[in-house]
Amino acid sequence: MKKLFALVLSVVMMLSLTACGSSSENETTKKQAERTFTVGFDAEYPPYGYLDAESKEYVGFDLDLAEKVCEMENWELEKKPINWDTKDTEINSGSIDCIWNGFTMNGREKDYEWSDPYINNTQVIVVSKDSGINTLKDLKDKRVGVQAASAAESLFKDDGAQVELGKTFASLDPFSDYDIAFTELQSGSIDALAIDVGVAKFQLAERGENYKILEENLNSEQYGIGFKVGNTELRDIVNADLKKLYEDGTVDEIAKKYDIDTTMICIGE
């Protein structure tokens, strides 16, 4: 009887230890899966990333996509506003995991580990309706605003696609964000603004009918998510999740939420 009792006790203890070990392993696996995913973005770049006036929360097409990726991976999303002209310092120092905010890939291919492109974008010119500016040629001797360190600025510099056009300007004036630039355009301090078409349409919808977008585009480009050079593991996880979100219709759904033309989405092309 004692031997039988000892045998039963031994079996119970083994099962208990196995269960505890399994529980411990599950907790370890869970902890490994959890992480903070820090996204660097320009907080003045609607509809891709901006501070909502009503909710006082950072929202936008790109930030909503990042939130969905974090839900899929059991990550915590940290939305970190950054100065756009210090984005390289932010990502190289490790203070952010990626730059996800209407970020142009073209001309920067070797500077980051890029996701696949997900938006086809164009650069356009915005002017006041009564400016008398109707074509790109009309920008001669005009003051043109751009966001500092943006793809729009690079178009007019060095070997940019519109460097010859830029030489005809009276000045090329960089601003830290487009809200400031539109204030300068409204006041007449600048005559025109080079800007991404999605941002331009959002701003014009918010600011009324006093502005227009010129019919001629400056350039065509693509948006991607930029990771630190060498961080291919994180890039591949996010890239794969983004494709899944596109396939199940989530990307189109979020695009419509922010009035982004779904024909601009190029995932899987």
Looking at [X], I'd like to know if its [atom1] atom is crowded, meaning that more than 12 non-hydrogen atoms belonging to other residues, nucleotides or ligands lie closer than 6.0 Å.
X	atom1	result
E209	CD	no
E71	CD	yes
E216	CD	yes

Quick one: does any side-chain atom of [X] pair with a main-chain N or O of [Y] as donor and acceptor, under 3.5 Å?
X	Y	value
N239	R235	no
S150	V146	no
S131	V127	no
D196	V199	no
N83	D85	no

Can you find a side-chain donor-acceptor pair between [X] and [Y] that sits under 3.5 Å?
X	Y	value
K87	N101	no
D42	Y48	no
E221	T104	yes
Q147	E153	no

Carboxylate-amine/guanidinium proximity below 4.0 Å for [X] and [Y]:
X	Y	value
D191	R143	yes
K201	D259	no
D111	K228	no
K80	E90	yes
K167	E164	yes
K243	D116	yes

What distance separates [X] [atom1] from [Y] [atom2], expressed to the nearest 0.5 Å?
X	Y	atom1	atom2	value
Q162	Q123	CD	CD	10.0 Å
I225	L65	CD1	CG	7.5 Å
F169	L139	CZ	CG	5.0 Å
N210	F182	CG	CZ	11.5 Å
L218	L155	CG	CG	6.0 Å
K68	D248	NZ	CG	9.0 Å

Partners passing side chain to side chain donor-acceptor pair (under 3.5 Å) against N120 (at least two apart in sequence or in another chain):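 By the side chain to side chain donor-acceptor pair (under 3.5 Å) rule, N120 matches Q222.
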Looking at [X] and [Y], what are the two nearest heavy atoms and their distance?
X	Y	answer
A192	I125	CB-CG2, 3.9 Å
A194	A152	O-CB, 3.9 Å
L193	A181	CD1-CB, 3.6 Å
D252	I265	OD1-CD1, 3.2 Å
W75	V69	CZ3-CG1, 4.1 Å

Given the side-chain rings of [X] and [Y], with only the six-membered ring counted for Trp, is the space between their centroids under 6.0 Å?
X	Y	value
F41	Y58	yes
Y50	Y45	no
Y223	W114	no

Candidate pair C98 and F103, rule side chain to side chain contact (heavy atoms under 4.5 Å, CB included), full reasoning: CA-CA 10 Å; C98 69; F103 194 19; over 6 Å; no
Same cluster (ILVMFWY, side-chain, under 4.5 Å), F227 and Y112: no
ILVMFWY cluster, I119 and F202 together (side-chain gap under 4.5 Å): yes
Within-4.5 Å side-chain heavy-atom neighbours: V251 and I267: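 When only atoms from C-beta onward are counted, I267 and V251 do touch, with a gap below 4.5 Å.
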Aromatic plane relationship, Y118 with W100 - under 30° parallel, 30 to 60° tilted, over 60° perpendicular: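 Perpendicular, since the angle between the ring planes exceeds 60°.
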